[in-house]
Amino acid sequence: MRGEKTHSVRALERTYRTGADEVRALRGVDLDLCSGEIVALLGPSGSGKSTLLNLLGGLDRPDAGEIRFQGEELTRFDDRALARYRRRHVGFVFQAYNLIPSLTARENVELACDGAERPIGAADALGLVGLSARMDHFPGQLSGGEQQRAAVARAIAKRPELLLCDEPTGAVDRHAGVQVLEVIERCSLELGAATVLVTHNVAIAAMADRVLGLTDGRIAEARRNAPRRKATDLSW
Amino acid sequence: MRRAARRRTFPGKRVSVLPILERKLLRDLRQLAGQALAIVLVVACAVATAVMSFGVLRSLDAARAQYYERCRFADVFVSLQRAPEAAGEAIRRLPGVAGVDTRLVADVAVGVPGTEEPIAARVLSWPERGEPEVNAIVLRRGRFVRADAPEVIVNESFAEAHGLGPGDRLDMVLGGRKREMAIVGLALSPEYVYALGPGMLSPDERRFAILWTGRRVLEAALGVSGEFNDLALRLNESASVEGVARQVEAALEPYGAVEAHGRERQPSDAFLSAMLHQIAGVGRIAPAIFLVVAAFLVHSVLVRLVDTQRQHIGVLKALGIGDVRIAWHYLELALVLGVLGIAVGLAAGTILGHGLTRLYAQFLHFPFLSFEHDPPSVVAACAISIVAMATGAARGVRAVSRLAPAAALAAPVPPGYRRTWLDRLLLRGPARGATRMVLRHLGRFPLRAALTVAGLALAVALQIAMLFSFDALDRMLGFHARAEARDFAVWFPRPLPASAAAEVARWPGVLKAEGWRALPAKLGSGGHAREVNVTGLSQSAMLRTLLDADLAPVPVPRQGLALAGKLASLLKVGVGDRVTLQPIGSRIQADLPVARIVEEYIGLDAYMDLDALNALAGGEPAISGADLAVDPRQRGEFLRSLKDNGAIAGVSERSAVLASFRGTMLRTLTLIVSFFVAFAGLTAFGVAFSSARITLSEREREFATLGALGFSAAEIGRILWFETALLLVVALAPGCLLGWGLAWVIVQRLDTELYRVPLVVSANTVGLAVFVLVTAALLSTWSVARHIGRMNLPAVLNARQ
């Protein structure tokens, strides 16, 4: 149901150690995510946005704190459990698309549906993002924007409770970027996923329901966009 | 300009780029540790094989040459019935003859204190004065015999096997009489470097002795005077062996048929030559296979490295470092691996060469044999290895040279995929994403996939080509088990009346005795001739059976001859053709049909009906020996009775002959085959490892994406396993076929007049080769797949593409 809490994050910390050097990427972050809500993580490079995204998606483990999802503590999951969590509940959209080059757009989406409990279906997912006519093309045969839309289709085809987008427009031009954001917005609303959008672009953050400003590993600012702007109205 | 490019100067500071690139080289090598090690080990296998093979070859060849020179080893050999010394003098005057030795040779039985059975021996006459002009011996202990004293010199290996030395005594049955002989010396002879006794399949120091005794002693025992039955000639350097041999035959023609031959048919030298030929073959073929694989590995690694370091290359070019310098940097990596492989290979080859030489020294009796390197081969192995590395690196290095700086700095275009014949053929129906990924990836890089398959196929082929030796050995042993039901064979100093078989049947312990006759004869057809032993067997013989090529028993032909397959091919005859048979020492000639071709692995034998052979030889029907079935409970009694029996010239026990053959062959084969199976396993590991490592490197981002999608490390690893398994499956059939082909080549090289090796590749051999290959490939894939679980997913996913 829209507005229902999906994730709860408390006192999250993450430190990267390389030899004698330490980088404290997160220094105690608290936040809640709700279904159907778009949250933008805004901040300069090195502020901890992507680290927080990776921890929410189960790609990484925190050094301290907890993340709860549907009453379970993700931070206690082993590797297999984390993989299961990602498989069933999380959709990722990366800046670099990360489509499998040897699979067509349709096959990339089908791959993500493998193991999902109630997937949308590859054709439908690609239809949602406007790629019905290109679904049997390989990534190398698609433009950057088309590839990113295919990546979105792959992310949402499993009906994830959590949709994580890391700089989804970083590798495409503005026109394609708007298309991508519009697709993310539509999917988030229609599927009711809690969507986290990492960006350093203030203009893009305007499409979110909530904006969390990260600085130096902490949430320095939290505000609501009331009303939020539609993706198609964005300009940067 | 060149100097400026080499020394980049900053204000007040001179900086050289050369050491930095070498530092980068070392770091790249560290990063590629697994693949680098695989390449180094495969190159090492190649160099070690070459160093070992050609070193052993040189050592044996040099030992042989020195030995022959020192002992004036003969160039022409003749065995005959008997001829007067005057004939020998006439031969001495033939043009080209540098030395002649006329002597008496006889096969006798000796009794050694502490042994149950009499032992077969060959006794050769020692000249009355001085040493033999030809075929001298090397006295290791003691002294030479006196002309008419009951003294013998014994071959060293036999003496050592029985713990005998100068001062000991042994009994010799000579001329029907048992004589006690004093051992006065131990010696080595160039005629018996490889000493194979009558009825033996392999040298057995305990069961075959070579003795030298005074000429007069032998003359008296054999009842001859002023005659010889064996002739050896040494020729001048410019003389033609063939020409002199024909003249010798003509000179001895009045004394019956003889066949003079050169060293190529002297049993010891022929075996040595065949062995050297085989070693040379291995030394040429195996390293070539390993180097092809090494070149492929270098190619794969370097192409991948250049691909991943495109932008680094772009930066280096943007900094002004020349194409040649950068290309050399990558070529240097391949050459460093080559040099490391050469170093390891030289060390390993030297150790293996020493080991193999020590092994050969156990049954090749040289005065001195030690391993020495063959410098030209070592240099060639090193040079060819470097060339192989450079060839493998060529494509990658060429790519570096051609890479435009701007293109190198730009993000690389991801590999393009499109629907291919694979999709139409294999992916029409529903298939899992992983299956599609693997098949399309292999189809996208077909050359690399083909080279990987070829490398794996070569690895399994090499193993089959080595392991089949055990199958051949089993077949040869099986052949003898089927062909010979006898427990013992005895032979007499001279043919005895056929009725002697009945007498033999009454010896203690003998259950059955079947007489046979061996007639040395010259067989000829259409200008081709060979001196062979024609064996006459009774139609009712059961203790010895002739076998065809399928090892099925065939009867002794009532008319005509049964020829060993090799003999038939040398005479260029088949079933139905005719050959002339002339007994040695006789003027009788018979024209006989070839009735049958039989299977034989040792020697050149011919068989015919005993009665027909006796009729041809003339005189009373006679037997040269008998095959015996002996009650195992009375074996000891039987052997003791033989020791006191002056009627026999030798005895061989079938089980001992087979055990000795099996033991000798297994000792040699196990060591050599183990080397090559290990090398082939290493090769398979290297090829599969390199393939998996490159796949992981190329598809790291894809694997990380799968991880992000929720696939576990095990599920992702299955892609690697599936790819490896697919390549393995494709490689197996051609690898097995190629292995059979290599085995065929080896069999052809081993096909000599002395022995043949059957081409048999059993299911066990194929199974073992496949098992080693699969194990090596799985181990290597596992070593790569475990990295998947350790992947830093965020780092890989967000790395700039």
- Query: Counting only N and O atoms by type, is there a donor-acceptor contact under 3.5 Å from the side chain of R134(A) to the main-chain atoms of E146(A)?
  - Reply: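 Checking the backbone N and O of E146(A) against the side chain of R134(A), no donor-acceptor pair under 3.5 Å is found.
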- How many angstroms lie between atom CZ of R444(B) and atom CG of L447(B), to the nearest 0.5 angstrom?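 Going from CZ on R444(B) over to CG on L447(B), the span is 12.0 Å.
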Check each atom of [X] against the heavy atoms of chain B and say whether the ones under 4.5 Å are side chain, backbone, both or neither.
X	answer
Q141(A)	side chain
E107(A)	side chain
T104(A)	both
D136(A)	both
R154(A)	side chain

Tell me whether the count of non-hydrogen atoms from other residues, nucleotides or ligands lying under 6.0 Å of [atom1] in [X] goes above 12.
X	atom1	answer
R395(B)	CZ	no
E66(A)	CD	yes
R402(B)	CZ	no

- Query: Of all the residues in residues 41-49 of chain A, which have a heavy atom that comes within less than 4.5 Å of a heavy atom in chain B?
  - Reply: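 Contacts with chain B: none.
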- If every non-hydrogen atom of R699(B) is compared with every non-hydrogen atom of V438(B), which pair is closest and at what distance?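 That closest heavy-atom pairing would be NH2-N, 4.2 Å.
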- Query: Is chain A contacted by the side chain of L797(B), its backbone, both, or neither, given a heavy-atom distance below 4.5 Å?
  - Reply: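 Contact with chain A is through both the backbone and side chain of L797(B).
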- Message: At a heavy-atom distance under 4.5 Å, which candidate from A83(A), P139(A), S102(A), P160(A) has the highest pair count against chain B?
- Response: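 It is S102(A).
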- Task: Flag the pair D79(A) and R61(A) as a salt bridge only when some basic side-chain nitrogen lies within less than 4.0 angstrom of an acidic carboxylate oxygen.
- Result: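 Salt bridge flag = yes for R61(A) with D79(A).
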- Message: Under 3.5 Å, is there a donor on one side chain and an acceptor on the other for T51(A) and R14(A)?
- Response: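 T51(A) vs R14(A): no donor-acceptor pair found between side chains.
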- Message: Between Y330(B) and Q309(B), does the side-chain hydrogen bond (donor to acceptor under 3.5 Å, both in side chains) criterion hold? Intermediate values first, please.
- Response: CA-CA 11 Å; Y330(B) 286 92; Q309(B) 295 189 348; 2.6 Å; yes
